[in-house]
Amino acid sequence: MSKLRIGIIGLGTVGCGVYKTLADFPDIEIVKIAVKNINKPRSVNTPEGMITDNHYEIINDSSIDVLVELIGGVEPAWEYISAAIKNGKHIVTANKELLAKKGEELFNLAEEHNKVCLYEAAIAGGIPIIMPIKTILAGNNINKIQAILNGTTNYILTKMDVDGASYEDVLKEAQELGYAETDPTGDVEGYDAAYKITTLATLAFKKRVKLENVYREGITKIRKEDMAQANEFGYKIKLIANASIDEDGNADVRVHPMLVSNDTTLAHINYVTNAVAMSGHPIGSIVLSGPGAGEFPTASSVVGDILAIQAEFGTTDYMLPMMRCHHEHRANPVHIDDTYNKYYISITAPNAIGVIAKIGTICASKNISLASILQREVSENNTADIVVITEKCQERLIKEVVSELDNCVVNSLIRVAD
Ligand code: HSE
């Protein structure tokens, strides 16, 4: 087997993990590594001349077989990847945002040039999920995914639960410890998880899902009181990436906080761990869990992709057919208002006769059945905290209920997982 020659773009945490891991694979030769800032301190010592700040030294080097892109973001990653494909290179990437926003263009371009683009590291870091779906699960009709795809938010929600702390306090602590970014928006507002579920649902359903049709809500409004109340009802609150598809190809894909029952595996996935629960036929239901980020877990996925290319490189004119992406079919998006969910509603109501009756009457008028209701003793300021969990009903109707509860304060409205 001849040596596979690779160029790496980006030598941050993941890039260093890949560099260190590849030291055990003498048949993979790292020819060049391109970075923005050559002088930045790093945890690896590279040979003299290996690092450049001119990315085109990789892209234009016809002796390099594979471009490994580890910088993230759409630009300049797309510029480098598209130029590299046109110059005859296969691609390995960990770039979830690029895949979600430009996946179709990327895979069409790769196919046009008979190149492969592998991306195991982009979704759920070290958990093997892409290759299993494309290969050993290929005989399945997967119709449902519920996943924890963002470690930062799972860390924050777990700490809020365990310590009884507020979102703001836990975020501050997580930032000080380096678990959350200085600007946490991408994680806490659910963008990161939305990128990942867009690609995961497209792959699992074999129908293209568009990012703009993925409903997204972050965790910033979750209160410590919601955590405590969820616990009383036998649930945890998690940021869940959901995707389901019906027989007509209508795909409901979304990211938002959810109450998940303590009876499920997802409720027990804590701190930075990720997990993907999937159902389909003939497999039934499975859950894969593990580290969703980090130097070596992510390197594990990147190196696995590089080795898959190496195994077939030079042996066939059409490499890795099962690992290629095709986009003949599109999913029909389902609007969030048309989805059906159970809901947790936390209400602060004035201490007046008939408040509970009014809540019940409004719900009944829309055919919404209540599964549980809890009211604590009236507080000193003469208000009552009431928590309601509904049976499954249409989102449009629950929003009407909330708008009609005009003499109450609705503190939280959170969907409850099936
Ligand atoms: N920012 C992501 C997370 C890791 O917190 O899980 C990279 O996808």
Side-chain angles (χ1 to χ4, degrees), residues 146 153 156-157 160-161 164-168 189-190 215-240 242 244 252 254-264 266-267 334-418:
Q146 284 195 321
T153 45
I156 292 172
L157 293 173
M160 284 174 69
D161 184 43
S166 71
Y167 166 77
E168 289 77 14
E189 295 293 1
Y215 176 82
R216 177 191 50 75
E217 214 178 281
I219 63 161
T220 57
K221 296 193 186 81
I222 302 293
R223 307 165 313 140
K224 60 181 177 187
E225 292 82 358
D226 297 322
M227 285 289 178
Q229 285 161 348
N231 268 316
E232 285 196 40
F233 283 99
Y235 294 91
K236 297 291 177 201
I237 300 178
K238 300 284 181 188
L239 183 69
I240 302 290
N242 293 274
S244 59
D252 169 14
R254 43 190 160 118
V255 171
H256 50 62
M258 281 191 119
L259 273 72
V260 290
S261 164
N262 285 334
D263 295 339
T264 63
L266 289 186
V334 177
H335 193 277
I336 188 72
D337 286 347
D338 297 325
T339 64
Y340 286 77
N341 305 277
K342 297 177 185 174
Y343 296 89
Y344 155 100
I345 315 173
S346 164
I347 301 162
T348 301
N351 177 24
I353 290 172
V355 166
I356 299 262
K358 184 174 174 186
I359 296 169
T361 305
I362 295 172
C363 288
S365 73
K366 297 174 198 305
N367 241 343
I368 297 173
S369 172
L370 304 184
S372 315
I373 185 158
L374 175 80
Q375 186 199 308
R376 299 241 169 262
E377 275 193 56
V378 171
S379 69
E380 283 167 11
N381 60 4
N382 215 27
T383 59
D385 287 328
I386 301 164
V387 178
V388 173
I389 295 184
T390 71
E391 299 281 11
K392 225 170 186 180
C393 63
Q394 200 183 28
E395 174 110 356
R396 193 183 306 282
L397 296 180
I398 209 72
K399 285 178 177 163
E400 286 177 14
V401 168
V402 167
S403 69
E404 288 174 32
L405 287 169
D406 41 20
N407 59 342
C408 304
V409 177
V410 175
N411 304 307
S412 306
L413 175 70
I414 308 174
R415 298 167 191 89
V416 181
D418 280 343

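This chain uses plain numbering: 1 for the first residue, then up along the sequence. Computed from a predicted model, the values in this text were never measured in an experiment.
Partners of Arg396 under the side-chain hydrogen bond (donor to acceptor under 3.5 Å, both in side chains) rule, at least two apart in sequence or in another chain, are Asp338. For Arg216, the side-chain hydrogen bond (donor to acceptor under 3.5 Å, both in side chains) partners two or more places apart in sequence, or in a different chain, are Tyr191. Partners of Ala417 according to the side chain to side chain contact (heavy atoms under 4.5 Å, CB included) rule, which considers only residues two or more places apart in sequence or in another chain, are Gln146, Met258, Val260.
Heavy atoms from other residues, nucleotides or ligands lying under 6.0 Å from NZ of Lys399 number more than 12.
The side-chain contact (heavy atoms from CB on, under 4.5 Å) with Arg254 is formed by just one residue from the set Asn341, Val334, Ile240; it is Asn341.
Summarising the geometry, atom CG belonging to Leu397 is positioned 7.0 Å from atom OH belonging to Tyr340; distances are rounded to the nearest 0.5 Å. For the atom pair CD1 of Ile368 and OH of Tyr343, the computed distance is 8.5 Å after rounding to the nearest 0.5 Å. The CG atom of Leu405 lies 7.0 Å from the SG atom of Cys363; values are rounded to the nearest 0.5 Å. Annotation: the span from Lys236 atom NZ to Ser261 atom OG amounts to 11.0 Å, rounded to 0.5 Å. Summarising the geometry, atom CD1 belonging to Ile347 is positioned 7.0 Å from atom CD1 belonging to Ile373; distances are rounded to the nearest 0.5 Å. Here the straight-line distance linking atom CD1 of Ile336 with atom CG of Asp252 works out to 6.5 Å at 0.5 Å rounding.
Nearest heavy-atom pair, Lys224 versus Met160, reported as atom, atom and distance to 0.1 Å: N-CE, 4.1 Å. Taking all atoms of both residues into account, the shortest heavy-atom contact from Asp418 to Lys342 is OD1-CE, 4.3 Å. Between Leu370 and Gly360 the shortest heavy-atom distance is CD1-CA, 4.4 Å. A pairwise comparison of heavy atoms in Val355 and Pro350 identifies CG2-O, 3.4 Å as the closest pair. Between Pro257 and Ile414 the shortest heavy-atom distance is O-CG2, 3.6 Å. Here the closest heavy-atom approach between residue Ile386 and residue Ala349 is recorded as CD1-CB, 3.9 Å.
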In sequence, state the C-alpha distance, the side-chain angles, and the governing distance for Glu225 and Ser346, and then conclude on side chain to side chain contact (heavy atoms under 4.5 Å, CB included).
-> CA-CA 9 Å; Glu225 292 82 358; Ser346 164; over 6 Å; no

Decide side chain to side chain contact (heavy atoms under 4.5 Å, CB included) for Phe233 and Val416; before the verdict, give the C-alpha distance in whole Å, the side-chain angles of both, and the deciding distance to 0.1 Å.
-> CA-CA 11 Å; Phe233 283 99; Val416 181; over 6 Å; no

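A salt bridge (Lys or Arg N to Asp or Glu O under 4.0 Å) check over residues 346-358, counting only residues at least two apart or in different chains, returns the pairs Lys358-Asp406. The salt bridge (Lys or Arg N to Asp or Glu O under 4.0 Å) contacts involving residues 376-390 comprise Glu232-Arg376, where partners must be two or more places apart or lie in separate chains. Among residues at least two apart or in separate chains, salt bridge (Lys or Arg N to Asp or Glu O under 4.0 Å) pairs with a member in residues 363-375 are Lys366-Glu400, Lys366-Glu404.
Residues Ser412 and Asp226 have side chains that bring a donor and an acceptor to within less than 3.5 angstrom of each other. At a cut-off of 3.5 Å, with distance as the only test, no side-chain donor of Thr339 or Arg415 sits close to an acceptor on the other residue.
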